[in-house]
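Below is one structure, written out as structure tokens; the observations come after it.
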Amino acid sequence: MRLKVLGAYGASDAEHNLTGYLIDDWLAVDAGTLTSKLSFSQQARIQAVFITHSHADHIRDLPHLIHNRFSQQAGPLTVYAAREVLELLVGNVFNGIVWPDFSKLISSLTKAPAVIYRPMTPGKKITINDVGLTAVNVHHQIPAAGVIVEMNGQAIAFTGDTGPTSEIWKRTNKTPNVVAVVTEASFPNDQQSLADETAHLSPNTFGDELKKITVDAPVYASYRKIPFERDIESQIRNLRDRRARVLLEKNYTL
Ligand SMILES: [Zn+2]
Ligand SMILES: [Zn+2]
């Protein structure tokens with residue numbers, strides 16, 4: 001499968017983008033960066049977006065993706081998330097105050113709403129277009145669930161933001177043919193207490209998580225905070241585990 005990393009950082013400036021991944025051009029995981037890096041027609045090809053949690057760096061472009069969809073000849077965008085995550089997102093963002101609730105507006109072009117919300121039960125696999133999606137709870141400051149995507153006999157596990165966790169690793173270890181794991185290392189090792197307090201990982205705790213992962217596939221650290229990206233990169237290298245990598249903003253073929 002093709003994984004386009006549109007944003008791999010937990011902060012943004014002219015050269016770094018917020019979290020947004022696109023698989024085979026139609027399935028997105030998180031929406032920090034989607035509209036800001038995709039043409040109008042590329043956006044129209046996105047059929048579904050899985051949201052890990054409602055923090056702004058993971059949803060920034062979602063209101064704009066939905067708004068654009070409203071004026072496109074394309075079917076509705078389906079937003080998937082764990083039930084609790086979706087409730088927070090709709091209640092706090094798509095509440096008619098921060099942004100309209102486009103699930104209740106009918107587009108004159110398609111005679112359908114621009115967006116459909118699909119709550120998921122963590123741990124229970126669903127199938128869309130022959131692709132399996134399993135939301136699995138992770139440990140963050142607010143309700144958050146990563147996702148295991150199974151497509152064409154391959155699988156990728158995305159944790160989204162997380163501190164030390166276990167359930168998603170147990171599930172990943174049981175999933176056949178995992179070709180990549182995308183997790184995080186937001187802060188450098190000398191900010192371990194901040195990482196712990198905010199339920200994120202540092203390269204040290206990323207290393208502890210690696211020991212819980214038994215699959216033989218690259219494990220990527222995403223969401224680096226910009227000022228520390230080089231430190232985090234060298235600390236990941238110093239783990240001396242050949243699976244440990246930092247996630248780059250580029251296209252991966254897996
Ligand atoms: Zn984040
Ligand atoms: Zn977060």
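Every number for a ligand or one of its atoms is a count from 1 in the order of the listing. Heads up: numbering here begins at 1 and tracks the sequence.
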Query raised in the report: Looking at Tyr9, does the NZ or CZ of Lys225 lie under 6.0 angstrom from its six-membered ring centre and within 45 degrees of the ring axis?
Result: no

Query raised in the report: For Asn152, does the CG atom have more than 12 heavy-atom neighbours from other residues, nucleotides or ligands under 6.0 Å away?
Result: no

Query - Aromatic ring proximity His58/Tyr223, centre distance under 6.0 Å - result: yes

**Report entry** N, O or S atom within Asp57 nearest to the Zn ion (ligand 1), by name
**Finding:** OD2

Requested in this report: Round to 10° and report the angle made at the Zn ion (ligand 1) by OD2 of Asp161 and NE2 of His58.
Outcome: 90°

**Report entry** Heavy atoms from other residues, nucleotides or ligands near CD of Glu84 exceed 12 (cutoff 6.0 Å)
**Finding:** no

Query raised in the report: How about His200: does one of its N, O or S atoms come closer than 2.8 Å to the Zn ion (ligand 2)?
Result: no

Report summary line: Atom name of the N, O or S atom of His55 nearest to the Zn ion (ligand 2) is ND1

Report task. Give a yes/no verdict on a cation-pi contact between Lys250 and Tyr252, requiring under 6.0 Å between NZ or CZ and the six-membered ring centre and an angle within 45° of the axis. Result -> yes

Report task. Confirm or rule out an N/O/S atom of Glu184, from backbone or side chain, lying less than 2.8 Å from the Zn ion (ligand 1). Result -> no

